Amino acid sequence: MLREEKKKGLISLQMLLFEFRKTIGNPYVHIFGVGMPVLMMVVITRAVAGEFTDAEVFSVAVTSVFLGVGALIPMATIFMGYGISNAQEMEKGIPQRMELFGIRTGVSLCNRILSETIFMVIAFCIYFTAGYLFTEVKPPRLTGALLYVVCILAFSVILFCLAHAISTLLKKFSLTYCVTMLLYFVFMILGGMMGISYDNLPSAVQVIAKMLPVTYINRDFYTVWTGGSYNFVPMLQSYLLMAAIAGIALFLSIKHTSRKIS
């Protein structure tokens, strides 16, 4: 069985379908990864509609909200969804059972990453369709759209590493759910998605908000989306800092797991 799995490689259609069924069977990704972003985007844009008399200013506000709320999708589908699901499986000893059947951890992980990515793409398709149907989103420049995709994918990779580290270290559904849910709402609040803009945050909290990529996606990405001139250095620094934190957490989780095995 193990030899057969090695011959198949890291990605197989059977394993991919198995992992994808697990992903879509997780209710959290549907509620927080599809329903909540669409609902928030529609409600917020409708709420601000009466505050702007100028059509151009209204279009800018709507597009900014649309791009910012879109960051909730990887936060829910990758960070919360994968983290909670992985902790639940570890609590039940499912990874160990799969290894007994000759399915390596690396194979399961690669197929899980791909299945999560596919679901996230579907969620974004639904989100963008709803955005263009129910709101007046400005069309992007090609470079702006590509940069948005790159930033979201980079953010998703960081969130996946962080979710894997948290769930591996905690190994319990309840604890992982509590931590990931707490961080999910912290990211939302500091990123300016809960009705409090970055400028209205206390100065000490602004320092923390500057360290989160979601802050720049929500606050500044309209300029990038429309092809305007933008200084990427602060955003890049936030990505590197968060990637370093996720990398350290992932390293600690791997060391912790290897100690238990030995």
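Hydrogens, waters and symmetry mates are skipped; everything else that's a heavy atom, side chains included, is used. Note that the structure is a prediction, hence the values are computed from the model and not measured.
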Exercise: identify the closest heavy-atom pair between S253 and L250: OG-O, 2.6 Å
pair L212-T215: side-chain heavy atoms closer than 4.5 Å: yes
Which atom of N218 lies closest to which atom of V69, heavy atoms considered: OD1-N, 4.4 Å
Centroid separation Y127 to F66 less than 6.0 Å: yes
Same apolar cluster (I L V M F W Y, side chains within < 4.5 Å links), I122/L39: no
Check against ring pair (Phe, Tyr, Trp, His ring centres under 6.0 Å), Y82 and F160: CA-CA 7 Å; Y82 172 74; F160 183 88; 4.4 Å; yes
Trace of the side chain to side chain contact (heavy atoms under 4.5 Å, CB included) decision for I166 with F79: CA-CA 10 Å; I166 291 171; F79 184 60; 4.0 Å; yes
Spatial distance of atom OG1 (T180) from atom CG (N86) [nearest 0.5 Å]: 11.5 Å
Residue pair Q88 / Y177, side-chain heavy-atom distance below 4.5 Å: no
Nearest-0.5 Å distance, OG of residue S167 to CD of residue E89: 9.5 Å
Euclidean distance, T23 OG1 relative to H30 NE2, rounded to 0.5 Å: 9.0 Å
Test item: S85 side-chain N/O and G81 main-chain N/O as donor-acceptor pair under 3.5 Å: no
Steps toward side chain to side chain contact (heavy atoms under 4.5 Å, CB included) verdict (E56, V60): CA-CA 6 Å; E56 181 64 24; V60 171; 4.3 Å; yes
Exercise answer: donor-acceptor pairs, residues 147-158 side-chain atoms, under 3.5 Å, sequence neighbours excluded:
residue: Y148; atom: OH; partner: L67; partner atom: O; Å: 2.8
residue: S156; atom: OG; partner: I152; partner atom: O; Å: 2.7

Atom pair CD1/CD of I208 and Q206 - distance to nearest 0.5 Å: 11.0 Å
M40 with F124, same ILVMFWY side-chain cluster at under 4.5 Å: yes
Parallel, tilted or perpendicular: rings of Y28 and F32 (30°, 60°): parallel
Set of residues satisfying side chain to side chain donor-acceptor pair (under 3.5 Å) with respect to Y222, sequence neighbours excluded: K138
Stepwise side chain to side chain contact (heavy atoms under 4.5 Å, CB included) check, F232 with V224: CA-CA 9 Å; F232 282 94; V224 182; 3.8 Å; yes
Single-linkage hydrophobic cluster, 4.5 Å side-chain cutoff, Y132 and V65 together: yes
Contact summary for T77 and E116, nearest pair of heavy atoms: O-OE1, 3.0 Å
Considering all heavy atoms, the nearest L16-N111 contact: N-OD1, 3.4 Å
Full working for side chain to side chain contact (heavy atoms under 4.5 Å, CB included) between R112 and H164: CA-CA 11 Å; R112 187 60 183 271; H164 186 78; over 6 Å; no
Side-chain (T176) to main-chain (F173) donor-acceptor, under 3.5 angstrom: no
Connected via hydrophobic side-chain network under 4.5 Å: L170 and M181: yes
Path from I189 to V186 over hydrophobic side-chain contacts below 4.5 Å: yes
Shortest non-hydrogen separation from M41 to A130 and the atoms involved: CE-C, 3.9 Å
For the student: nearest non-hydrogen atoms of V34 and A123, plus distance: CG2-CB, 3.9 Å
Gap between atom CG of L236 and atom CG of L240 - 0.5 Å precision: 4.5 Å
Rounded distance (nearest 0.5 Å) linking atom CE of M75 with atom CE of M80: 9.5 Å
CD (E136) with more than 12 external heavy atoms under 6.0 Å: no
